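The model shown is predicted, which means the values in this text are computed figures rather than measured ones.
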Amino acid sequence: MFKNLKNNISNNQLKYGAILSYVQMGLNLVFSLLFTPYLIRMLGQSEYGLYNTVSSTIMTLSILNLGLHSGYIRYYANYKTNQNDEAISKLNGLYILIFSILGLFVLVCGLTLSFNLEQIFNKGLTKEEYEIAKVLAVLTTLNLAISFPASIFPTIITAYEKFVFLKILTLTRIVLFPAIMLPLLFYGYKSIAMTTVSLTLSILFNITYFYYCRKDLNVKFSFYNIDKSIIVGLFTYTLFIAINIIVDQINWNVDKLLLGRFKGTVIVAIYSVGFGLYNFYATLSSSVSDVFTPRVHNIINSYKDDEEKCNFELNSLFVKIGRIQFLIVALIASGVIIFGKPFIEFWVGKGYEDSYYVAIVLIVSASISLIQNLGIEIQRAQNKHQFRSIAYIIMAFVNLSMSIYLCQLYGAIGCAIGTAVSLILANGLIMNIYYHLKCGIDVIDFWKNIIRMSLGLILPVSISFLLPNYFDYYTKTGFVAGVSVYTLIYCLSMWFISMNQYEKSLIPFLNRFCKIKEG
């Protein structure tokens, strides 16, 4: 009875955690639509680009977390299965010590970068921009350094599968930041105020995470007699995850640094708008798979002695989540391709035409990895992520080399193309082969599912060629009407052609309505 109750609570956390993830995405979308254009207008294109340039430069230091958070969930799942509470306490203590040391190292490195920005950007910034950039860099460094030891608390909460609490706090932060910044921007405060508010909120929320862990979850931290073999095993396990993080930094942050050095802050602003659209697209997909990370580790720990059963459970989960992610990303990707140009003009105004092409190049090239991102956690849980890291770091240097060259020729679009080539080769080809041959994932069955689902795209995409005859997308009324009609046709086509019964059951109102009609 108590076991069933525990399972029900865990399932509810997953269910409501996923629901709140979409609420979070909805709020992010609303605030991005409303806040970003206001921010650009109040800061100006140049300072908006400067803010993004400095943030990207300092955030490269986040690679120093070395992927250790994934290692925590792996060890926690193992100790929890064996009901070893003492080992969990020592693991918590070990993580606090490691991340405190890393935080101090980030502080030293960040401050060094902050006072040597001229060496990084050369003549890419003006004298006035360098003065602002130094202040932004110091504040961003403090924020990042503090976040290192504090980041263990959300990781612990995730391991406990308390997704509802995490999501509610995230939602609160999403609302608070623009609520505080809007009046400050109105009264003339700019990028330095934004960075200060971000730092203050980070401190307050980190304190809240700590309090929840200690008082509500009764998490204990032991700093005595820590098993040294854990340290060796932990860094061995996370070494290749760290390489993945380095790769992500090269793929997603170095582009802005290169543009800042070779093309100036205005081009960084153009790239940032396109990247912002891509980033929202990526968040939509990963938010579903994120809540299933502990479940992957639990499956692997539960079926250690039954490889066939383990692979069956992992395959079922991989296909199920991949199908749901496809429904989301196909709508967003096709929508951005069809309506992206007028949307960007409405959103941030004229002067950002190239942002559309940046967004399209990044969105299309990343789509394969986004519907398969649960596979990353499966590899990590199986301790088979080493190959992915090696493949990705090779492709990251290909990306870097291409981006340096293409950046100088084609600006923001050139950087996006360099990133796209590496993503298609690494995610689209290499990793699918590895998933199939080494991870026990039936990639052929997965793509059969996706291809069958793709049939639902034929009708809405075909009709999209006719819609401009009836709606002028460059008027607000025509744009809203065109998007609404396309979305409705997409949803109906997917419902009747692509979705299975499980997916339909996730939308209970429509599912119940269809059953009544059938009756």
Side-chain angles (χ1 to χ4, degrees), residues 28-57 121 123-126 128-130 132-133 136 178 181-182 185-186 188-192 194 252-281 335-364 403 406-420 468 472-480 482-483:
N28 267 326
L29 175 60
V30 170
F31 285 120
S32 292
L33 290 173
L34 300 178
F35 184 63
T36 301
Y38 182 74
L39 175 63
I40 293 174
R41 188 165 62 252
M42 299 306 289
L43 293 184
Q45 196 175 40
S46 180
E47 188 163 347
Y48 178 70
L50 178 67
Y51 173 77
N52 279 280
T53 302
V54 173
S55 298
S56 297
T57 302
F121 295 109
K123 297 180 180 179
L125 306 182
T126 66
E128 292 77 13
E129 286 175 336
Y130 273 120
I132 298 172
L136 293 176
M181 278 310 306
L182 281 171
L185 288 168
F186 180 78
Y189 294 94
K190 295 194 174 184
S191 56
I192 292 175
M194 282 185 60
W252 303 121
N253 277 339
V254 171
D255 282 355
K256 295 176 186 177
L257 193 154
L258 292 173
L259 289 169
R261 180 180 177 86
F262 293 116
K263 294 294 183 178
T265 54
V266 171
I267 302 300
V268 175
I270 290 171
Y271 181 91
S272 297
V273 169
F275 178 78
L277 284 178
Y278 159 77
N279 199 41
F280 175 72
Y281 173 73
V336 171
I337 292 170
I338 297 165
F339 304 103
K341 281 186 178 180
F343 171 77
I344 288 173
E345 186 172 314
F346 286 131
W347 187 31
V348 293
K350 294 184 182 297
Y352 292 88
E353 290 76 13
D354 283 352
S355 299
Y356 169 77
Y357 299 103
V358 170
I360 294 303
V361 169
L362 295 178
I363 284 172
V364 172
S403 293
L406 294 173
C407 165
Q408 297 176 70
L409 290 178
Y410 306 111
I413 298 173
C415 279
I417 291 171
T419 301
D472 181 1
Y473 298 158
Y474 287 89
T475 65
K476 292 181 180 179
T477 302
F479 179 82
V480 171
V483 170

Result for side chain to side chain contact (heavy atoms under 4.5 Å, CB included) between Val348 and one of Val273, Ile270, Leu39 points to Val273
Q: May I have the step-by-step check of side chain to side chain donor-acceptor pair (under 3.5 Å) for Tyr357 and Lys341, ending in yes or no?
A: CA-CA 9 Å; Tyr357 299 103; Lys341 281 186 178 180; 2.9 Å; yes
Show the nearest heavy-atom pair for residues [X] and [Y], with the distance to one decimal.
X      : Y      : answer
Val361 : Ala420 : CG1-CB, 3.5 Å
Gly351 : Gln45  : O-NE2, 3.8 Å
Cys407 : Leu259 : SG-CD2, 3.6 Å

task: With side chain to side chain contact (heavy atoms under 4.5 Å, CB included) as the test, would you mind laying out the steps for Ile337 and Val364 before giving the verdict?
output: CA-CA 9 Å; Ile337 292 170; Val364 172; 4.3 Å; yes
Quick one, [X] and [Y] - any side-chain contact, counting heavy atoms below 4.5 Å?
X      : Y      : value
Tyr352 : Val358 : no
Leu362 : Asn279 : no
Ile267 : Tyr271 : no
Tyr473 : Phe346 : no
Met42  : Lys190 : no

What do you reckon, is OH of Tyr410 surrounded by more than 12 foreign heavy atoms closer than 6.0 Å? no
Tell me, please, which residues at least two apart from [X] pass side-chain hydrogen bond (donor to acceptor under 3.5 Å, both in side chains).
X      : value
Ser403 : Asn399
Ser191 : Glu47
Ser55  : none

Would you give the length of the straight line joining atom [atom1] of [X] to atom [atom2] of [Y], rounded to the nearest 0.5 angstrom?
X      : Y      : atom1 : atom2 : value
Trp347 : Ile40  : CH2   : CD1   : 7.0 Å
Leu50  : Ile132 : CG    : CD1   : 6.0 Å
Lys263 : Leu258 : NZ    : CG    : 12.0 Å
Asn52  : Thr57  : CG    : OG1   : 10.5 Å
Ser272 : Lys256 : OG    : NZ    : 4.0 Å
Ile192 : Tyr51  : CD1   : OH    : 12.0 Å

Any chance you could lay out the side chain to side chain contact (heavy atoms under 4.5 Å, CB included) test for Leu277 and Phe343, step after step, and finish with the verdict?
-> CA-CA 11 Å; Leu277 284 178; Phe343 171 77; 3.5 Å; yes
Geometric class of the Tyr278/Tyr281 ring pair [parallel <30°, tilted 30-60°, perpendicular >60°] = tilted
- [ ] On the 0 to 90° scale, with breaks at 30° and 60°, tag the Phe479-Phe339 ring pair as parallel, tilted or perpendicular.
- [x] perpendicular
**Request:** Would you please test Glu129 and Thr53 for side chain to side chain contact (heavy atoms under 4.5 Å, CB included) and show each step?
**Result:** CA-CA 11 Å; Glu129 286 175 336; Thr53 302; over 6 Å; no
